[in-house]
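One structure is given here, and the rest of the page talks about it.
Given the structure is predicted, the values throughout are model-derived calculations rather than measurements. Note on naming: letters A, B, ... go to the chains in the order of the sequence lines (proteins, then strands), and numbering restarts at 1 for each one.
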Number of protein chains: 2
Amino acid sequence: MGMKQRQESILEELASAQELDALQAAIENLRDLFGADHMVYHWVNADGDQYGCGTYSPEWVENYVSQDYLRVDPVIVGCYQRFHPVDWKRLDWSSKAARTFQKEAIEHGVGNQGFSVPIRGPNGQFALFTVSHNCDDDTWAEFTEKHRRDLILIAHEFNNKALEFEPNRSPEQSRALSPREVDAMTLLAVGYSRAQVADTLSISEHTLRVYIESARFKLGALNTTHAVARAMSRGLIVV
Amino acid sequence: MGMKQRQESILEELASAQELDALQAAIENLRDLFGADHMVYHWVNADGDQYGCGTYSPEWVENYVSQDYLRVDPVIVGCYQRFHPVDWKRLDWSSKAARTFQKEAIEHGVGNQGFSVPIRGPNGQFALFTVSHNCDDDTWAEFTEKHRRDLILIAHEFNNKALEFEPNRSPEQSRALSPREVDAMTLLAVGYSRAQVADTLSISEHTLRVYIESARFKLGALNTTHAVARAMSRGLIVV
DNA sequence: TTTCAACTCCCCCAAAATAGTGAGGGGCGG
DNA sequence: CCGCCCCTCACTATTTTGGGGGAGTTGAAA
C-alpha cells in the first residue's frame, strides 16, 4: 500500500471513529507514516478548555502545562497571530524566556525543527497541528515543502473530529446575541462609554443597559469587559 | 496539461501575485477549471471591512449588499457556527426570510446547489469559499465528494493571500505589554474585577491600577474594556 | 391565538472604575 | 553613570457601572 493510500485509510478511520481515543491512535500512525519524530494536535477554546494528543513524552507535556509554557511558547504566540502554516525557524525566538523554553524543549526530545498549522473554529476555538523533527535545515525544508498540503488537510481533519467531541456545545452558551446586543457589544469594544453607545444608537442609556445586561447573561459574563471579551473570542462581534 | 497541474499552476500564480486583482483572476480560472457555474471567495473582519471576489453577476452582488443579506443568508449564518465545509442542502432554509432569499438567489443564476468552506483567521477574521452550480443532487454529491480536499486547500490559499492585503496592520503597533500588564489584561478578560485581579496577583489594587492604565496607554485604549478588546484582537493575550 | 423574544422607556442607590496627583527601589543597555 | 522601563504602594474626588425594581409595543413563530 502506497503512502497516499495509507494516509487516506488512516484519515478515513479517524473520520468514522466514535471516541476521542481515535485521535491519539491516528496521530501515532501518521507520525510513523511521515517518519517524523513527533506529531501533536492541540486545541484551546474561549473558556480555557483544552485538549491535546500527540507523541511528545509525558514528562514534557506535564512540564509544559505545569510551567504554563502556553504563554511563553513562541509557536503558540506566533501562530495565534497568523493564518498560514509556519516553520518554527521563522518565529521570534529572541526573548530570554523563549530561549530557555527552546533549550528545555530540545532536551526533552522535541526536535530542533518544527512546522505548525494554526486552525480556528467557531466560538474562538484555536488549534495547532504540529510536526517536529530532528534534522538539518535542508532536509526539513524539503520535508515541509513536500508535505505542506497534506499537513493542512490532516490538521483540518483532526480539528473537525476534535470539535465533534467538544463538550462546550450547549445551545445555552452559544446562543447568538440579538442585533442590538451585537451593536452594544461592538461599540463597547471600540471604547465607547455607555452614554456614548446610547447616543450612537439613538436610544436611552437605560435601554442600552438592558441590552448589555441581557448580553452579559447570554454570554455567562460577570461584567461588561468579560462580556465583550467573550463576544469577541466567540466571534459574535468583529472588532 | 492535466487538471491537477493546471490547478497547481493557477495556485502558484496566485501565491506569487502582488495585487489583489490576482484573486479575481484566479477564481475565474478555477471556476472554469472545475466546470462549476460560480466560485466565490468572501471575507469579513475588523471594522466591518469586507472583500469579495468571484463570478456572481454584479447585480446579484449589489442586491446582496444593499439588502444586507449577510444577516439572512443561511450559508453565512450556518457556516459561521461550523468548522467543516458544508453542502447548502444541509443548512436550515426553513425561515421565511431564508426562503425568499433562496428564491431570489436562484433567479440571479446562483445555482440550486452549493458547497461552502468556512475559514477563519486571526482577529476574528472570517471568510467563505463557495462553489455553486445548477444540477441534480446526485451529480452534485459526486462533484463535492471528488473535489472536497482540493476546495479546502484552495480556500486556504485564497485566505492566505487575502490576508496579505488586509489593511489592518497598524503602523503604530505599539510595544508589547509587560508581563504584569499581560496578567492584568488576561484576568480582566475572564471577568475578574479589579479587586479580584489585585488579589489574584497578590498586589495592591493601587498597583494594579497602574498596570491597567499603562496598558491602556500603550494600547491607545479609552477604557479598560477597550484595552482588553485591543489586547485580544492583537493577540497579546490568550483567552 | 397565544406566546415569546426583541426593543423601547423610567426610577433609585450602592459599588466599582477612572482621573488627578504623588513616591521609591531594581534592573538593564548605551 | 544615567536614562528608561518595570514593579510596588498611597490619597481624594468624580464619573461610570451594576443590581433591583417596572411597563409598554411590535413582530414573528408555535
Side-chain angles (χ1 to χ4, degrees), chain A residues 94-97 99-100 171-172 174-231 236, chain B residues 68 71-72 74 77 92-101 174-230 236:
Chain A
S94 61
S95 83
K96 198 153 83 180
R99 291 218 169 271
T100 62
E172 207 64 38
S174 50
R175 192 158 38 144
L177 301 178
S178 78
R180 276 317 217 192
E181 287 159 358
V182 172
D183 292 341
M185 290 295 106
T186 304
L187 291 171
L188 288 170
V190 297
Y192 286 26
S193 70
R194 283 205 313 212
Q196 288 176 305
V197 174
D199 196 52
T200 304
L201 297 179
S202 303
I203 56 176
S204 77
E205 196 178 326
H206 313 284
T207 303
L208 175 69
R209 258 182 46 192
V210 177
Y211 298 143
I212 298 174
E213 284 183 21
S214 69
R216 233 183 24 229
F217 180 74
K218 286 182 185 175
L219 296 166
L222 299 166
N223 53 45
T224 302
T225 299
H226 192 196
V228 170
R230 289 201 149 177
L236 301 175
Chain B
D68 200 21
R71 301 193 183 280
V72 179
V77 276
D92 176 22
W93 297 90
S94 61
S95 82
K96 198 154 82 180
R99 292 217 167 272
T100 63
F101 167 79
S174 50
R175 354 164 240 280
L177 300 178
S178 77
R180 276 317 217 190
E181 288 158 357
V182 172
D183 291 343
M185 291 294 106
T186 304
L187 292 172
L188 288 170
V190 296
Y192 285 27
S193 70
R194 286 208 310 212
Q196 288 175 304
V197 174
D199 196 51
T200 305
L201 298 179
S202 302
I203 56 177
S204 78
E205 198 177 326
H206 312 285
T207 303
L208 174 70
R209 247 182 50 193
V210 178
Y211 299 144
I212 298 174
E213 283 183 20
S214 69
R216 235 184 23 229
F217 180 74
K218 286 181 183 174
L219 295 166
L222 300 167
N223 53 44
T224 301
T225 300
H226 193 196
V228 170
R230 289 204 151 175
L236 301 175

Taking the minimum atom-to-atom distance to the side chain of [X], which one of [options] wins?
X        : options               : value
B:Glu213 : C:dA19, D:dC6, C:dC9  : C:dA19
B:Arg216 : C:dC9, C:dA19, D:dT8  : C:dA19
A:Glu205 : C:dC9, D:dT17, D:dC7  : D:dT17
A:Ile212 : C:dA6, D:dG18, D:dC7  : D:dG18
B:Lys218 : D:dC6, C:dC10, D:dC7  : D:dC6
A:Thr224 : D:dT17, D:dC7, D:dC9  : D:dT17
B:His206 : D:dT8, D:dC11, C:dT8  : D:dC11
B:Ser193 : C:dA17, D:dA10, D:dT8 : C:dA17
A:Arg209 : D:dG18, D:dC6, C:dC9  : D:dG18
A:Ser178 : C:dT8, C:dA6, C:dA17  : C:dA6

Please state how far atom [atom1] in [X] lies from atom [atom2] in [N], giving the value in whole angstrom units.
X        : N      : atom1 : atom2 : answer
A:Asp183 : C:dC7  : CG    : P     : 8 Å
B:Phe217 : C:dA19 : CZ    : C1'   : 15 Å
A:Leu177 : C:dA6  : CG    : P     : 10 Å
A:Leu201 : C:dA6  : CG    : P     : 16 Å
B:Gln196 : C:dA17 : CD    : C1'   : 14 Å
B:Ile203 : D:dC7  : CD1   : P     : 9 Å

N/O donor-acceptor pairs under 3.5 Å from side chains in residues 177-185 of chain B, not counting sequence neighbours:
residue: B:Ser178; atom: OG; partner: B:Glu181; partner atom: N; Å: 3.3
residue: B:Ser178; atom: OG; partner: B:Glu181; partner atom: OE1; Å: 3.3
residue: B:Arg180; atom: NH1; partner: B:Asp183; partner atom: OD2; Å: 3.4
residue: B:Arg180; atom: NH2; partner: B:Leu201; partner atom: O; Å: 3.3
residue: B:Glu181; atom: OE1; partner: B:Ser178; partner atom: N; Å: 2.7
residue: B:Glu181; atom: OE1; partner: B:Lys218; partner atom: NZ; Å: 2.7
residue: B:Glu181; atom: OE2; partner: B:Ser214; partner atom: OG; Å: 2.5
residue: B:Glu181; atom: OE2; partner: B:Lys218; partner atom: NZ; Å: 3.4

Modelled atom types, side-chain donor and acceptor of A:Thr225 and B:Thr225, under 3.5 Å: yes
Touch class at under 4.0 angstrom, heavy-atom based, for A:Arg194 against every strand present: base
Touch class at under 4.0 angstrom, heavy-atom based, for B:Ser214 against every strand present: nothing
Side-chain N,O (B:Thr207) to OP1/OP2 (D:dT8) below 4.0 Å: no
D:dT8 phosphate, OP1 or OP2, under 4.0 Å from B:Tyr211 side-chain N/O: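 Checking D:dT8 against B:Tyr211, a side-chain N or O does come within under 4.0 Å of OP1 or OP2.
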Rounded distance [0.5 Å steps], CZ in B:Arg209 versus CD1 in B:Ile203: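 It comes to 12.0 Å.
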Rounded distance (nearest 0.5 Å) linking atom CD1 of A:Ile212 with atom CG of A:Leu187: 10.0 Å
Main-chain N/O of A:Val210 paired to A:Glu213 side chain as donor or acceptor, under 3.5 Å: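 Side chain of A:Glu213 to backbone of A:Val210: no pair is present.
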5' priority, DNA chain D, between B:Pro179 and B:Asn223 [closest heavy atom]: B:Pro179
